[in-house]
Asks: 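Take this structure, written in structure tokens, and hold onto it; I'll ask about it next.
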Amino acid sequence: MPLGDPHGANFEYTVEGLPETIHVCTIPVRDVHRSIGFYADVLHMEVLSEDEGEAYLIRGECRIILKRSDKVGIDTGLYFGVDSPYNTRRRLIDEGVVFEKAPRRGPFGTFCSIRDDDANIIHLIETNAEFKRS
């Protein structure tokens with residue numbers, strides 16, 4: 001009997017219960033209130049709620065939690081989807097954002113990398129890119 005089947009029936013799993021998207025990600029920040037400025041003012045994310053240790057922000061399908069931490073300045077490994085890394089770079093340069101990497105081609109499409117106010121690296125990747133599975 002499968003552990004998750006309370007009725008004890010024979011059940012064959014296919015794709016039920018498997019992950020399909022990254023729904024929310026957490027970014028470490030030293031000061032949640034100060035960090036909201038970057039994400040809300042520069043990346044135009046909407047603040048849903050905030051307390052002393054966390055803030056919840058959203059823009060489109062992108063949902064993040066800014067969480068207070070002493071360990072900041074990391075490569076988050078997060079790739080936010082954008083229409084064009086080139087357009088994003090042009091826009092964010094005008095906002096004074098520091099770029100870690102200029103736009104370049106990768107296996108999932110063209111991407112670039114920026115630093116937030118805590119020196120965390122965040123990647124921005126085109127959402128309409130086609131890629132081949134091997």
Side-chain angles (χ1 to χ4, degrees):
M1 162 173 75
L3 188 59
D5 186 353
H7 302 292
N10 290 327
F11 182 79
E12 186 175 321
Y13 288 107
T14 55
V15 296
E16 295 85 2
L18 299 179
E20 295 180 13
T21 66
I22 295 174
H23 193 67
V24 179
C25 63
T26 301
I27 299 173
V29 296
R30 287 193 200 287
D31 181 324
V32 171
H33 187 71
R34 180 187 56 81
S35 296
I36 286 174
F38 177 83
Y39 291 91
D41 298 339
V42 177
L43 299 182
H44 296 267
M45 299 189 84
E46 177 187 351
V47 180
L48 298 177
S49 69
E50 171 190 4
D51 62 31
E52 284 190 36
E54 296 180 338
Y56 299 83
L57 294 88
I58 188 169
R59 176 166 175 75
E61 295 296 316
C62 184
R63 298 170 180 94
I64 64 170
I65 300 169
L66 300 178
K67 187 169 186 167
R68 199 219 153 315
S69 175
D70 292 326
K71 296 181 181 182
V72 298
I74 64 167
D75 183 342
T76 63
L78 301 173
Y79 286 74
F80 292 164
V82 296
D83 65 340
S84 165
Y86 298 102
N87 291 341
T88 303
R89 185 169 196 259
R90 183 172 33 253
R91 179 184 189 128
L92 294 183
I93 283 175
D94 289 345
E95 296 282 342
V97 173
V98 175
F99 275 76
E100 182 72 17
K101 292 181 183 167
R104 68 178 199 198
R105 189 94 177 119
F108 294 118
T110 302
F111 71 98
C112 60
S113 305
I114 63 173
R115 289 186 179 267
D116 70 5
D117 291 340
D118 285 300
N120 292 313
I121 298 172
I122 297 168
H123 310 279
L124 307 167
I125 191 164
E126 64 184 328
T127 55
N128 59 357
E130 293 184 24
F131 61 94
K132 295 179 181 177
R133 292 190 163 112
S134 48

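The first residue in the sequence is number 1, and the count goes up from there.
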Asks: Is I121 reachable from I125 through a run of hydrophobic residues whose side-chain heavy atoms are each under 4.5 Å from the next?
Replies: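 Cluster IDs for I125 and I121 differ.
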Asks: Measure across T88 and F99 and return the closest heavy-atom pair with its distance rounded to 0.1 Å.
Replies: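 Smallest heavy-atom distance, with atoms named: O-CZ, 4.4 Å.
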Asks: Are L78 and V97 connected, step by step, through hydrophobic side chains (Ile, Leu, Val, Met, Phe, Trp, Tyr) whose heavy atoms are closer than 4.5 Å?
Replies: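 Linked within one cluster.
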Asks: Pick one: which of V29, V47, D41 meets side-chain contact (heavy atoms from CB on, under 4.5 Å) with I36?
Replies: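 With I36 as partner, side-chain contact (heavy atoms from CB on, under 4.5 Å) holds for just one option, V47.
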Asks: First locate atom CG of L124, then atom CG of L43, and finally report the distance between them rounded to the nearest 0.5 Å.
Replies: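 That separation rounds to 7.5 Å.
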Asks: Does the plane of the ring in Y79 sit parallel, tilted or perpendicular to the ring in H123? Use 30° and 60° as the thresholds.
Replies: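 Geometry flag for H123 against Y79: parallel rings.
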Asks: Can you tell me how far apart CD (E50) and OH (Y56) are? Round to the nearest 0.5 Å.
Replies: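 That separation rounds to 11.5 Å.
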Asks: Which distance, rounded to the nearest 0.5 Å, do you find between the OG of S49 and the CD1 of I58?
Replies: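 Separation between the atoms: 11.5 Å.
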Asks: With distance as the sole test, does E126 use its side chain to make a donor-acceptor pair with the main-chain N or O of T110 at under 3.5 Å?
Replies: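 Confirmed, E126 side chain pairs with T110 backbone.
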Asks: Check whether any side-chain N or O of D118 sits under 3.5 Å from a backbone N or O of N120 as a donor-acceptor pair, and report yes or no.
Replies: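 No; zero donor-acceptor contacts below 3.5 Å.
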Asks: State, to 0.1 Å, how close P103 and R89 come at their nearest heavy-atom pair, and which atoms those are.
Replies: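 In this case the closest contact between P103 and R89 is CD-CD, 3.2 Å.
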Asks: Can you tell me how far the CZ atom of R30 sits from the NZ atom of K71, to the nearest 0.5 Å?
Replies: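 The CZ atom of R30 sits 12.0 Å away from the NZ atom of K71.
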Asks: If you count heavy atoms of other groups shown closer than 6.0 angstrom to CZ of R34, is the number above 12?
Replies: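 Result for CZ/R34: enclosed.
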Asks: Treating Ile, Leu, Val, Met, Phe, Trp and Tyr as nodes and any side-chain heavy-atom pair under 4.5 angstrom as an edge, say whether F111 and I27 lie in one connected cluster.
Replies: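 No, because F111 and I27 fall into different hydrophobic clusters, even though each may have its own neighbours under 4.5 Å.
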Asks: Transitively linked via ILVMFWY side-chain contacts under 4.5 Å: L66 with V42?
Replies: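 Yes.
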Asks: Any idea which heavy atoms bring V32 and A55 closest together, and the distance?
Replies: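 Smallest heavy-atom distance, with atoms named: CG1-CB, 3.5 Å.
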Asks: Might you point out which heavy atoms bring R91 and H44 nearest each other, and give the distance in Å?
Replies: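 The pair with the smallest heavy-atom distance is NH2-NE2, 3.5 Å.
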Asks: Does I74 share a hydrophobic cluster with F80, counting links as ILVMFWY side-chain heavy atoms below 4.5 Å and allowing steps through other members?
Replies: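 Unlinked, I74 and F80 end up in two clusters.
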Asks: So does D70 pair up with R68, basic N to acidic O under 4.0 Å?
Replies: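 A salt bridge is present here (some side-chain N lies under 4.0 Å from a carboxylate O).
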Asks: Quick check for you: to the nearest 0.5 Å, what is the distance between I114 atom CD1 and E95 atom CD?
Replies: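 If I round to the nearest 0.5 Å, the distance is 11.0 Å.
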Asks: Taking atom CD1 of I93 as the centre, report whether more than 12 heavy atoms of other residues, nucleotides or ligands fall under 6.0 Å from it.
Replies: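 Counting neighbours around CD1 of I93, more than 12 heavy atoms of other residues, nucleotides or ligands fall under 6.0 Å, so yes.
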Asks: From R115 CZ over to T76 OG1, what is the distance, rounded to the nearest 0.5 angstrom?
Replies: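 Here the rounded value is 11.0 Å.
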